[in-house]
Amino acid sequence: MKPRRGSAHSPLPRRKPTSDGWWPLLFVGPLLVGVFTFYIYPIVDNFYISFTKQSAFGTKYTFVGLDNYKAIVTKPEMWTSLLNTLIYTGVLLLGVPIAVILASLIAKPGLRFASLYRVAFFAPYLAMPTAIALVWRLIYNGDFGILNYLLRSVGVANPPHWTATPGWAIVAVSIVGLWSSIGFNMIILSAGLKNISAELYEAASIDGASPWKQFFSITVPLLTPSIFFLIVVQAINGFQMFDLLFAMMGTSNPALPSSRTLVYLFYNEGFQLNHKGMAAAIAMVILLIVSLITLVQFRWQKRWVNYD
């Protein structure tokens, strides 16, 4: 006896997959064109240029193989720029734990003017790097800057000319970058703090946990997704640093040769010395370093980021 159609013993008929035709491509196409035009093609073209040498008038490219990469490895400026970039990135990353503490303090219940504090910390992030640089150049001025005035008032006889002294210049610029990034970090962390249930803190208080114990046992572990995001973003921002350094130090600063970052070296080779192939090779090195650092961060985050 054959099972009746639709009974429990008869298999349900399979529906053939339907095709949507070209409609999805119509909506996604403009985005793909933009990604290819402004992201993929420039990377591929830059990769090709990194194996070439440009003529004096920029009309001809000669294939030179790995000569540009060999040249940048042997350039002392390359290693100095890499060290400066790592210093700047490290200082930026210090802003993440600082922002965790500040965001936690501002998020405490009953704090007056909390919104005003958030705006005050976030305002430097909204300002243009050039405007920030002009203000801090006045603060760092060795002759009439307020920073050296305060140092002299407490007994420091010969404070340095901050942005004109090798060694101090990259530190001074890094501090400005740290100061201007705190607000962005705090906004991201404040959003993460709002997702932490107040009941966890109430239960911890009932169990006798101190505020510091609650901070390290509840706040920090539950903020690790936001902290991880900020670490990735600030590491990338550190390797892209150029505009703040250029605006604060210019092109004739005596401390500039020892304070260049990788992107500044790329600018110097490509737009001042007209070494397009060399500049393209430096850009590819930056892309490789940032990609490796980001890959390591994503591998490492599995050990300490809590997504529960």
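- Under the 30°/60° scheme for interplanar angles, the aromatic rings of W300 and W304 are found to be tilted.
- By the 4.0 Å N-to-carboxylate-O rule, E269 lies too far from R260 to be salt-bridged with it.
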Evaluate the criterion side chain to side chain donor-acceptor pair (under 3.5 Å) for residue pair Q301 and Y307; output intermediate values, then yes/no. CA-CA 10 Å; Q301 59 98 15; Y307 290 106; 3.0 Å; yes
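- Scanning all heavy atoms of the two residues, the minimum distance from T294 to V232 falls at CG2-CG1, 4.3 Å.
- Using the six-membered ring where Trp is involved, F113 and Y117 have ring planes that are perpendicular, over 60° apart on the 30 and 60° scheme.
- Considering Y125, W179, F122 as possible partners of F184, the one that fulfils the ring-ring contact (aromatic ring centres under 6.0 Å, His included) test is Y125.
- Ring geometry for F271 against F266 counts as perpendicular: the plane angle is over 60°, on a 0 to 90° scale with 30° as the lower cut.
- Within a 6.0 Å sphere centred on CG of D207, heavy atoms belonging to other residues, nucleotides or ligands number more than 12.
- Within the cation-pi definition used here (under 6.0 Å to the ring centroid, within 45° of the axis), K276 does not qualify as a partner of Y61.
- Ring pair F246/Y267 is perpendicular by interplanar angle, where above 60° counts as perpendicular and below 30° as parallel.
- At a threshold of 4.5 Å between non-hydrogen side-chain atoms, the residues Y201 and T219 count as touching.
- Side-chain contact between Q214 and S205 is present, with at least one heavy-atom pair separated by less than 4.5 Å.
- Between W162 and W168, the ring-plane angle classifies as perpendicular under the 30° and 60° cut-offs.
- Ring geometry for F298 against F228 counts as perpendicular: the plane angle is over 60°, on a 0 to 90° scale with 30° as the lower cut.
- Remark: I146 CD1 is loosely packed, at most 12 non-hydrogen atoms of other residues, nucleotides or ligands lying under 6.0 Å away.
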